[in-house]
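Worth knowing before you read on, the calculation uses all heavy atoms, side chains too, and leaves out hydrogens, waters and symmetry mates. Sequence lines set the chain letters: A, B, ... in the order given, protein chains first and strands last, and positions in each chain run from 1. Please read all numbers here as calculations on a predicted model, not as lab measurements.
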Amino acid sequence: MKVLIVDDSSMSRKLVMRALPEDFATQITQAGNGVEALEAFHSGAAEVIFLDLTMPVMDGFNTLEALKKEDANAIVIVISADIQPIAQERVRNLGAAAFVKKPITPEAMEQALFDVGLI
Amino acid sequence: MSQLTVLSEDQRDALQELMNVAMGQSADRLARLTSTFVTLSVPRVHAVTDTLDKVLDLLGLGKEAMLVTRQSFLGKLRGEVLVCFGEQGASELSGLMGYGDDVDASTQDELLMDVTNILTGACINGLAQQIQTMVSYGSPSLMARAKSLREVLQEQILQGYQSLVLEVRFEVESHSFMCDLLVCITDDSAAVVIEAVDQLLSDF
């Protein structure tokens, strides 16, 4: 599975990588904001996108909106500290398949992947 | 020398992420309190070892008059949270909470204290939880009315809260209300935070 991890924090991206089940990802690409994420997606780097919401340049909401607009063929799992119920509802409406609150744990990752049918 | 002056990029990144998680909890509490959606800025970490002018430039909060509340937190992690509202913050907040125009000043001040308490509690608890320490809190109080941040921060620096300032902006969608949360951590307790950050980083 080609995985794209989008977060402005390198520590957070490492936490996501560490939480992934062994052998889940065949390729991992990292992006620090939504603009970089869209570039990576267009270059074919993503079947699954782990997306943060609070980021500089382009935040996660705008990234989701852009992906939705182009009917992007990728499963997006939002991993965010923005745990407001409205934020969670919005990302679902924008096409996110799941929402996981930060800090991500291997258990929460496994549950999210199971919920969206990826494991 | 302040602990912050020797922070590496990785340490700064990790600290910013700890604050992101903590501030997310504050935003959630504010959103639930006001039945709104709160937009969070990316948290920023500032050293207050620079000149006051440079710090104020970094904070980007300018010279305009503000209404500032404060609440101290105590324990291994020690410092003070300043909540900077706009000059009209009190009336904006009471409007947001559904009070009419005739709300009196003491009710407005009470609301400010409540919001300060909620934001501080959620944020500092979130931070303390992540670095596995306990904190207790002082009572919130009004620190300054119609004062510039320059004057307010000058007082903070003089009192020794000069090591670490963590900043985030909360904006309430579709309303004019916004506030900046400044978490000022004392120089001696910054070591506790940095130790926790190093522990996190050593896991990788």
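The pair A/Asp7-A/Lys102 meets the salt-bridge criterion, with a side-chain N (NZ, NE, NH1 or NH2) lying under 4.0 Å from an Asp/Glu carboxylate O. Ion pair B/Asp109/B/Arg145 flagged as a salt bridge, since at least one NZ, NE, NH1 or NH2 atom sits closer than 4.0 Å to an Asp/Glu carboxylate oxygen. Using a cut-off of 4.0 Å between Lys/Arg side-chain N and Asp/Glu carboxylate O, B/Glu167 and B/Arg44 are scored as salt-bridged.
Most heavy-atom pairs under 4.5 Å with chain B, from the set A/Pro103, A/Pro56, A/Ser10: that is A/Ser10. When the candidates B/Asp13, B/Leu201, B/Asn20 are compared by the number of heavy-atom contacts under 4.5 Å with chain A, B/Asp13 comes out ahead.
When heavy atoms are compared at a cutoff of 4.5 Å, B/Glu173 approaches chain A solely by way of its side chain, counted from C-beta outward. Using a 4.5 Å cut-off between heavy atoms, A/Leu53 makes no contact with chain B at all. In this structure, no portion of B/Arg29 lies under 4.5 Å from any heavy atom of chain A. If you measure heavy-atom distances from B/Leu30 to chain A, you find no contacts under 4.5 Å at all.
Across all non-hydrogen atoms, the minimal contact from B/Met66 to B/Phe85 is CB-O, 3.4 Å. Of all the heavy atoms in A/Gly32 and A/Met55, the pair that sits closest is O-SD, 4.0 Å.
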